[in-house]
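Keep in mind it's a predicted model, so treat the numbers as computed, not measured. Values reported hereafter were calculated over all heavy atoms of this structure, with side chains retained and with hydrogens, waters and symmetry mates removed.
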Amino acid sequence: MSEAMTQAPMTQGLSRNRVILATAGTMLALLLAALDQTIVGTAIPRIVADLNGLDRLAWVTTAYLVTSTTMTPIAGKLGDLFGRKPFLLAGMIGFVVASAFCGLAQDMTQLIVARGIQGIFGGVLFATVFTVIGDLFAPAQRARAQGLFGAVFGLASIVGPTAGGFITDHFSWRWVFEVNIPVGIIAVAVVAAGLPYVKSKASWRDIDYFGAFTLAAGVVPLLIALTITRDHAWSSFPVVSLLVLAAVMLAAFVFVESRVAEPIVPLKLFKNTTFSVSMLVGFLTAFGMFGSILFTPLVFQGVLGISATNSGALITPMMFGLIGASTVTGFLMRRIKYYRFLGTIGVAVMIFGMWLLSQITPASAQWQVVADLVIVGLGIGTTFPLYLTAVQVALPRQYLGVASSQIQFWRNLGGTVGSAILGAVLANRLPSYLATRVSALNLPPQVTGSLPKGGSANSILDPTLLAKLPPAFVHAIRLALSDTLHDIYFFAGAILVVALISTVFLKEVPLTGDRAEKGFDEAPVIVDEEQRQAAAVTA
């Protein structure tokens, strides 16, 4: 086993000021990546108008999603092998350079390519940032630090859309990308000065090249297939062929990982109850998170008839709930023996919030939706720091990067799968509900003939179209959308029930004392003979 895999905690011998500086730099790195995810969305209409690329609009987001998700587990393993600092610096520098190319793009193709490259480095950042927390802080302080980093992510979600709109309106959409440059330069300087470098004896021979290739060859077609279900049927040739390719390559990935010395994802880690439960809960709770975030604008704009600008502002309180819950959870984890029940409570709160959202009708008040979103945010904020910290302390330190990156990977994957499935529910249920509500009005044929073809959410939210329709017809459309969203939130809540049951199977590892420092669960994962002998000596 290489020396890099048994290295001591990074903070050993560091002064308090050095730790603070390293933490600040890492938080800036997270802000850099998180802000980009929220600030770009508001500039999309202007980008499409300027580059004339409406037909490829979705790929601006898809390219980033695919590359960042694929890179996350690979970067986590490489960080374990070669140390975190080089990858954090490379991730920030590459992200900033790619951002500059995004801002300089002259057509949609250039922008999509630049976003894909940006996603690669974004994956490196997300895999590394949360791992550094485990390097900088002892287990007892780690949960509180996770809450602070969760607050940074929530802050980016709050500030990003407003900042993106302001920059786009007063300057240019290109500055939405270029603004990453000054933030990135500061972050690179702080990390370079504050974060210590742990020397590693690992070499390029330790890299699992076949594992990285088969993982990418499986995840990329899977994510693309799930993403294009928005305008392709699940049974269509492109979707089916991509899913088949993904299944074959992921099977090859499992085969490779079971036979290499340093796998990207050690399969034996899934024998650890804390690890496997945390991955499952992260995957399933992403359904609830994306179900509330992705479709809530339809509640405000489609059901309640609020403008797009105001609806964006009304989603912000959800992030305050997330920030508050993340901070409180980090505080409570150090003081509660059976902290797994914090996760149970968090998921239960999410389910309650989803149920409340499913009850929204055109007669509901705006404050009701806002209150429901705050409740969902409280649930989400509880689960994020809890399972990341639990996984980090349940596994040996040499798997810190793998464990942290896997949490991010399964959340991203769950969000993508959830978005595809919930989007399919919207596409399948809305037309029938719309036809039922309109037929109940008994309107003349010339009026019912103006029903939007296909009954898509985008078409029925067209302000120009709605202005031409009778109020009764518009009300029927809003009721139909309300019925559809009821099914979406109900389905997402049902998925969360599975997550709720899963939470009780988590095995707590104490956040203080020798066991936490060693990072072993009640049944440690033995991955080689050297570790087996060490465990025998300890026993």
Side-chain angles (χ1 to χ4, degrees), residues 55-78 108-109 111-124 126-127 207-260 262-267 269-270 276 279-280 282-284 286-287 290 294 402 405-428 495:
D55 57 325
R56 288 167 289 170
L57 168 63
W59 286 100
V60 175
T61 302
T62 300
Y64 184 95
L65 170 69
V66 169
T67 55
S68 62
T69 303
T70 304
M71 191 62 196
T72 296
I74 298 173
K77 177 61 179 181
L78 293 178
M108 213 62 170
T109 301
L111 179 60
I112 291 170
V113 172
R115 284 288 283 172
I117 298 172
Q118 190 182 36
I120 293 174
F121 293 103
V124 173
F126 276 114
I207 299 176
D208 177 15
Y209 293 102
F210 288 110
F213 171 77
T214 51
L215 176 64
V219 172
V220 170
L222 174 63
L223 294 177
I224 293 177
L226 294 172
T227 305
I228 65 174
T229 54
R230 289 174 293 193
D231 45 29
H232 290 76
W234 283 82
S235 58
S236 65
F237 177 77
V239 174
V240 172
S241 58
L242 286 170
L243 290 177
V244 170
L245 175 61
V248 171
M249 296 311 300
L250 289 176
F253 171 72
V254 173
F255 177 82
V256 169
E257 295 302 271
S258 63
R259 285 162 174 78
V260 296
E262 299 294 346
I264 298 292
V265 182
L267 300 180
L269 294 185
F270 287 95
S276 56
M279 299 307 115
L280 179 61
F283 178 85
L284 295 175
F287 270 80
F290 279 81
L294 190 62
V402 170
S405 63
Q406 281 294 296
I407 283 279
Q408 304 302 318
F409 173 78
W410 285 101
R411 283 176 181 165
N412 288 346
L413 190 60
T416 305
V417 174
S419 299
I421 293 177
L422 296 177
V425 173
L426 176 67
N428 292 328
I495 296 296

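Taking CD1 from Ile264 and CD1 from Ile207, the interatomic distance works out to 8.0 Å, rounded to the nearest 0.5 Å. Here the CZ-CE distance, from Phe409 to Met279, works out to 11.0 Å after rounding to the nearest 0.5 Å. Atoms CG and CH2, from Leu413 and Trp410 in turn, are 6.0 Å apart once rounded to the nearest 0.5 Å. We find the CG-NZ distance between Leu215 and Lys77 to be 13.5 Å, quoted to the nearest 0.5 Å. Atom CZ in Phe283 sits 8.5 Å away from atom CD1 in Ile495 (nearest 0.5 Å). Taken from CH2 in Trp59 to CG in Leu65, the straight-line distance is 10.5 Å, to the nearest 0.5 Å.
Ile117 is linked by a side chain to side chain contact (heavy atoms under 4.5 Å, CB included) to Ala98, Val113, Phe121, counting only residues two or more places apart in sequence or in another chain. With sequence neighbours excluded, the residues forming a side-chain hydrogen bond (donor to acceptor under 3.5 Å, both in side chains) with Arg115 are Asp36, Gln118, listed by chain and number. The side-chain hydrogen bond (donor to acceptor under 3.5 Å, both in side chains) check on Ser241 picks up nothing, with sequence neighbours excluded. Applying the side chain to side chain contact (heavy atoms under 4.5 Å, CB included) criterion to Val260, with sequence neighbours excluded, gives Asp208, Val256, Glu257, Pro263. Ala216 pairs by the side chain to side chain contact (heavy atoms under 4.5 Å, CB included) definition with Thr70, not counting sequence neighbours.
Of all heavy-atom pairs between Gly415 and Ala286, the closest is N-CB, 3.3 Å. Counting all heavy atoms, side chain and backbone alike, Tyr64 lies closest to Ser68 at O-OG, 2.8 Å. When all heavy atoms are compared, the tightest approach of Met71 to Gly123 is CB-CA, 4.3 Å. Contact between Ala225 and Leu242 at its shortest, heavy atoms only, is CB-CB, 3.6 Å.
In the displayed structure, Tyr209 atom OH is contacted under 6.0 Å by more than 12 heavy atoms of other residues, nucleotides or ligands.
For the side-chain contact (heavy atoms from CB on, under 4.5 Å) criterion with Val66, the lone passing option out of Val219, Leu222, Ile224 is Ile224.
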Name each donor-acceptor pair under 3.5 Å that joins a side chain in residues 245-253 to protein atoms two or more places apart or in another chain, with its distance.
none

